[in-house]
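See below for the structure under consideration.
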Amino acid sequence: QACNCDGSSPCTAPPTPAPTPFVCDTSVDVQLDVNLLTDLYPGETSWTVTNSNGDEVASSRGYPSRETQYNDQRCLASDEYTFTINDTYGDGLCCRAGEGNCDVYFNGELCGSFSR
């Protein structure tokens with residue numbers, strides 16, 4: 001609804017549409033979900049996914065916010081994959097550097113859980 005400067009119409013913004021849900025066609029693709037809680041040094045954390053040929057097909061390098069939950073979702077071609085998580089300082093995601101963790105799902109099935 002448009003606003004009138006004379007005050008005869010209320011000035012309200014239209015409602016924000018709901019986000020579109022993430023969907024992969026799992027009959028031909030693999031859905032990758034990486035749920036990562038950063039530690040106190042989020043810029044040190046990165047991960048990669050490589051396919052059976054050793055090609056990197058997905059990645060995330062450095063996160064901006066401390067102790068924050070991130071949920072990355074990707075559609076990948078059907079194949080065998082290797083997930084690698086890295087902490088550049090080498091102290092991992094938890095304990096002295098905060099309580100970070102990472103769960104990795106392929107097509108909704110938990111394939112790995114990392115905290116150190």
Side-chain angles (χ1 to χ4, degrees):
Q1 177 177 351
C3 294
N4 288 333
C5 293
D6 64 8
S8 63
S9 296
C11 292
T12 56
T16 303
T20 304
F22 184 84
V23 178
C24 272
D25 180 357
T26 55
S27 67
V28 293
D29 293 326
V30 174
Q31 182 170 328
L32 167 69
D33 294 287
V34 179
N35 300 329
L36 185 134
L37 174 64
T38 56
D39 62 7
L40 297 175
Y41 303 96
E44 298 175 353
T45 304
S46 64
W47 57 263
T48 59
V49 176
T50 54
N51 64 15
S52 59
N53 293 327
D55 300 321
E56 185 177 297
V57 295
S59 65
S60 185
R61 289 180 171 75
Y63 290 86
S65 299
R66 300 164 58 154
E67 298 179 315
T68 301
Q69 183 71 47
Y70 292 92
N71 301 305
D72 293 309
Q73 297 177 308
R74 314 285 171 89
C75 288
L76 306 175
S78 187
D79 197 353
E80 291 185 18
Y81 293 100
T82 301
F83 178 88
T84 305
I85 191 164
N86 187 48
D87 179 275
T88 56
Y89 190 75
D91 59 354
L93 289 172
C94 96
C95 308
R96 285 184 280 159
E99 294 299 321
N101 61 64
C102 180
D103 293 326
V104 180
Y105 298 83
F106 283 95
N107 286 342
E109 181 178 330
L110 181 64
C111 291
S113 189
F114 308 90
S115 62
R116 293 186 180 256

Seminar exercise, completed: d(Q69 CD, N35 CG) to nearest 0.5 Å is 6.0 Å

For this session: Please identify each residue that fulfils side chain to side chain contact (heavy atoms under 4.5 Å, CB included) with I85, with sequence neighbours left out.
Result: L36, T45, W47, F83, L93, C102, F114

Exercise. What are the two closest non-hydrogen atoms of Y81 and L76, and how far apart are they?
Worked result: OH-CB, 3.4 Å

Problem set entry | Pairs involving residues 53-80, ordered by first then second residue, that meet ring pair (Phe, Tyr, Trp, His ring centres under 6.0 Å) (sequence neighbours left out) | Y63-Y70

Exercise. Looking at T48 and S59, what are the two nearest heavy atoms and their distance?
Worked result: CG2-CB, 4.0 Å

Exercise. For D103, which residues count as a side chain to side chain contact (heavy atoms under 4.5 Å, CB included) partner, sequence neighbours excluded?
Worked result: Y105, L110, S113

Problem set entry | salt bridge (charged side-chain N to carboxylate O under 4.0 Å, His left out) contacts touching residues 64-87 (sequence neighbours left out) | none

Problem set entry | Check: T38 side chain, S65 main-chain N or O, donor-acceptor pair, under 3.5 Å | yes

Problem set entry | Transitive ILVMFWY cluster of Y41, excluding itself - 4.5 Å side-chain cut-off | L40

Seminar exercise, completed: Applying side chain to side chain donor-acceptor pair (under 3.5 Å) to N53 and not counting sequence neighbours gives none

Seminar exercise, completed: Residues pairing under salt bridge (charged side-chain N to carboxylate O under 4.0 Å, His left out) where one sits in residues 27-40, two or more places apart or in two chains, turn out to be none

For this session: Could you note down all residue pairs passing salt bridge (charged side-chain N to carboxylate O under 4.0 Å, His left out) where residues 44-65 supplies at least one of them, sequence neighbours left out?
Result: E56-R61

Problem set entry | Residue pairs involving residues 23-80 (criterion disulfide bond (SG atoms under 2.5 Å apart); sequence neighbours excluded) | C24-C75

